[in-house]
Amino acid sequence: MPFMTVRHFTEADIPVRTELLRENKYQTNLNDFAMSAADLELADGMRRTIESGHHVKRLFTMCGSKGQVVGFSWITSIDWRSQTCELSFAVLPRYRSGFGFKAVEAAHEYLREQLHMDVIINQVLSHNTMMLSAAELDAHAQIRAEYDSYTVGQWRTACYWTVTRDDVRGRKQREQARRQEIADRVRAGVQGLS
Amino acid sequence: MTTTETPRWSSRPYSDADRDAVLALYTEPDFYFRTGDPDTRPEWEILELIDEDTHVLLADGEVVGLYAVESEANNACHYSMQLRLRASAPPAWWQSAFGELLRANTWRREVVRLALRFDEFDYRGLAFARSAGLREEGTLGAVTVHEGRRHGYVSFARIWEPIS
Amino acid sequence: MRLRGYRGSDADLLAGPWLPGELLGLPLADWPPLAAPTTVPPPADPGQELCIAPGLGFVRYTELDWVHRRARVEIGLHGVDGLDVLLKTVVAHGFLTLNLSRIHGWVTPLVDPPIGLLADVGFQREAVLPEATWLDGRPIDREIWGVVRND
Amino acid sequence: MTEILSLQRLDTDMAIAELKSCGGAARGFLGLDPVTQNDSLLAAELKSLQAQLFSAGETVVGFAPNTDQPRQAYVASTSADPEPLRALLEFLTTYQRCTTFVAMVPDGVENCFADCGFEQVGVLPRHRWQNYDWQDVLVYVGRADSCRS
């Protein structure tokens, strides 16, 4: 079984996601609207999404190798015609150190491999360096939107960027070249020793 | 009638009485209000694009465009604006309509950030935004397919430093 | 030619004496006067894209599948004039405006459609299905024709 | 004479659960795909196809009528074992008076149609996208008088 899998969000996942929406780091890094919403209201919203909102929003559950729920991802601003969507994700606190990157990677792969999305929009508030350092964020950002939001007592700047199919292909080719270079170097070293 | 004279602006929330005038706007192939392909959109889809935030914009009493202002974030006073005038409206009309909309939207409420986006293929929208004194925040690449090619959108904003 | 969006005033164009679902839906001369015409529903949701070919009829992209990037096309026309230009427009609209990778449709050989015009814009016969529809008191064969976008 | 496998008719919820349990074999089943469609979408799709699904042992089989010609049905199976499909064809012939059957099967997936007397009548190129690649779909046709035993 792969390290991380993506499955459709179901009604049974609603309580766990509701709890996550109210968690402090989530509110700081994404939004704090859940603070002002009742549980029932949040649950109704999620239920509507999975029952009839497929065209505009989709929710997914990220699972570890034993099938345990590790976090959630969701896509909004879906433009089916242009094969574009905005990806958001949130990992449960206890899995953040080990699973964060894998969860993001698995969500991206699912969107490209199965839903046939070509362009994925990322939005990260600039103080949030859980996945990318401040320097990496700067390098990626195509748009920096100041005063985008005010979460947990602070003004936030949002960074937006897209990842296209060509970007992914380029990154994979670079990684492959780097692996090849290391292998060549190791081989050359071994031959030099013998 | 279209002149370069500044018209007398008025607006009202969209209602069924405006349906024919609005559908007529969407027969223009570059009436990019919430779509990159206005003239190919069916009636149901156009009516869905026109939500409760949408207002018709009238120049000297005649419908010449649409605008909508939406709240983007709780408590941040961050709003986004969509604005479109019909093809025959001169650039000066865009500037004067936008000026009046700014006045109207900051008249009785705090606005910290007002954001506008225009697609890279929307020459008229971009020309307006670049001459309106807005901050250009960058281009989100490749998000929309238009006539077989990918284009990004350019993000613009006006910021009023918050009072708290 | 450019396809335009459907309006409620175009409703009359959605019914006519052609085979249901036909890629080249041309009027059948011997359609019984008391037989109900074929009709398609007006567009009302993202599941189909129905456009109007001004002066000619409708073009309907149905069974739209955004994952597999394809649609089945059916056209309802009141005459054959301008069909060559229309078919070019149908393919261009499907590939460039809707960003699809493949369009396909049903062709019924018995009604003698102008398949040369389909071939001219890249369509190919992909499958032959026996007894796939009903006409004039008996089941008749149908073909699937399709065109794939070359990227 | 071979004994015909018995079919268990599945209600929508059960049909979806069974399909999902078939993993990759359910992808493309009557055009459905549990990987890209959640339960609500699958249910809506089954309804619009007027499809009926059955279990036959570990296998799910199903059909959707050709509404233009109800003597024809689109059929699908999650297994390469011909017996469940034969049972479905027997059912369709007996209870739906079907005379021809059409199957559309993703290329590269082992299937039972040739074993059940179906003939391949075409290929739909790049008809599906799955696992980051295009996939052709093979079109098979079977006739009631030659496919049932």
Side-chain angles (χ1 to χ4, degrees), chain C residues 18-23 25 38 40-41 45-48 62-72 74 94-95 99-108 110-111 122-151, chain D residues 27-28 30-38 41 44-45 47-49 64-75 97-107 118-147:
Chain C
W18 46 73
L19 276 175
E22 194 73 356
L23 176 54
T38 295
V40 295
D45 61 58
Q48 66 162 318
T62 185
E63 296 168 27
L64 261 173
D65 192 315
W66 296 114
V67 171
H68 305 302
R69 313 300 306 172
R70 62 169 197 246
R72 183 172 66 71
E74 48 189 77
F95 289 166
N99 195 28
L100 298 171
S101 289
R102 163 178 166 75
I103 53 183
H104 61 105
W106 291 110
V107 170
T108 306
L110 188 76
V111 299
F123 278 91
Q124 293 187 322
R125 182 191 290 115
E126 295 175 342
V128 181
L129 283 92
E131 301 179 16
T133 192
W134 194 272
L135 186 70
D136 196 13
R138 64 199 161 105
I140 55 170
D141 297 354
R142 251 181 163 180
E143 298 170 350
I144 298 174
W145 284 63
V147 55
V148 172
R149 178 170 161 181
N150 279 322
D151 285 323
Chain D
R27 305 195 68 180
L30 293 176
L32 306 171
D33 186 356
V35 174
T36 60
Q37 296 166 312
N38 73 359
L41 268 178
E45 197 67 18
K47 188 175 172 201
S48 101
L49 290 170
N66 172 352
T67 49
D68 277 342
Q69 210 289 73
R71 303 286 75 76
Q72 184 169 81
Y74 293 90
V75 294
R97 211 160 52 80
C98 284
T99 53
T100 55
F101 314 105
V102 178
M104 296 195 173
V105 191
D107 192 14
F118 281 60
E119 180 195 354
Q120 192 183 323
V121 294
V123 177
L124 311 182
R126 291 173 50 150
H127 200 67
R128 303 189 78 245
W129 170 269
Q130 185 174 306
N131 300 340
Y132 220 75
D133 207 358
W134 293 108
Q135 200 175 33
D136 296 346
V137 165
L138 311 181
V139 185
Y140 291 90
V141 165
R143 292 175 184 278
D145 48 16
S146 56
C147 287

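Letters A, B, ... mirror the listed sequences (proteins, then strands); counts begin at 1. Scope of the values below: all heavy atoms of this structure, side chains included, with no hydrogens, waters or symmetry mates.
At a 4.5 Å heavy-atom cutoff, the contact between C:Arg142 and chain D is made by side-chain atoms alone. Looking at D:Tyr140, neither its backbone nor its side chain comes within 4.5 Å of chain C, counting heavy atoms on both sides. Of the atoms belonging to C:Trp106, it is side-chain heavy atoms, and not backbone ones, that fall under 4.5 Å from chain D. Proximity to chain D (any heavy atom under 4.5 Å) is restricted, for C:Arg149, to the backbone atoms N, CA, C and O.
The most heavy-atom pairs under 4.5 Å with chain D, out of C:Ile140, C:Leu19, C:Asp65, C:Leu129, come from C:Leu129. With chain D as the partner, the residue from C:Arg125, C:Glu143, C:Glu126, C:Arg69 showing the most heavy-atom pairs under 4.5 Å is C:Glu126. The candidate with the highest count of non-hydrogen atom pairs below 4.5 Å against chain C, out of D:Gln72, D:His127, D:Gln130, is D:His127. Between chain C and the residues D:Thr36, D:Thr99, D:Asp33, D:Asn66, the most heavy-atom pairs under 4.5 angstrom are made by D:Asn66. If you tally non-hydrogen atom pairs under 4.5 Å between each of D:Leu124, D:Val141, D:Thr100 and chain C, the highest count goes to D:Leu124. When each of C:Gly21, C:Pro20, C:Ala132 is scored by its heavy-atom pairs under 4.5 Å with chain D, the top score falls to C:Ala132.
Between D:Val35 and D:Arg27, the closest side-chain pair of non-hydrogen atoms falls below 4.5 Å. Side chains of C:Gln124 and D:Pro125 form no contact here, defined as non-hydrogen atoms less than 4.5 Å apart. Counting heavy atoms from C-beta outward, C:Val111 and C:Trp18 have side chains that stay 4.5 Å or more apart.
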Check your understanding: Can you list the steps and then say if C:Glu74 with C:Thr62 is a side-chain hydrogen bond (donor to acceptor under 3.5 Å, both in side chains)?
Key -> CA-CA 8 Å; C:Glu74 48 189 77; C:Thr62 185; 5.5 Å; no
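Remark: the D:Gln69 side chain and the C:Thr133 side chain contain no N/O donor-acceptor pair separated by less than 3.5 Å.
The pair D:Lys47-D:Glu45 fails the salt-bridge criterion, with no side-chain N (NZ, NE, NH1 or NH2) lying under 4.0 Å from an Asp/Glu carboxylate O. C:Glu131 and D:Arg143 are joined by a salt bridge, as a carboxylate oxygen and a charged side-chain nitrogen come within less than 4.0 angstrom of each other.
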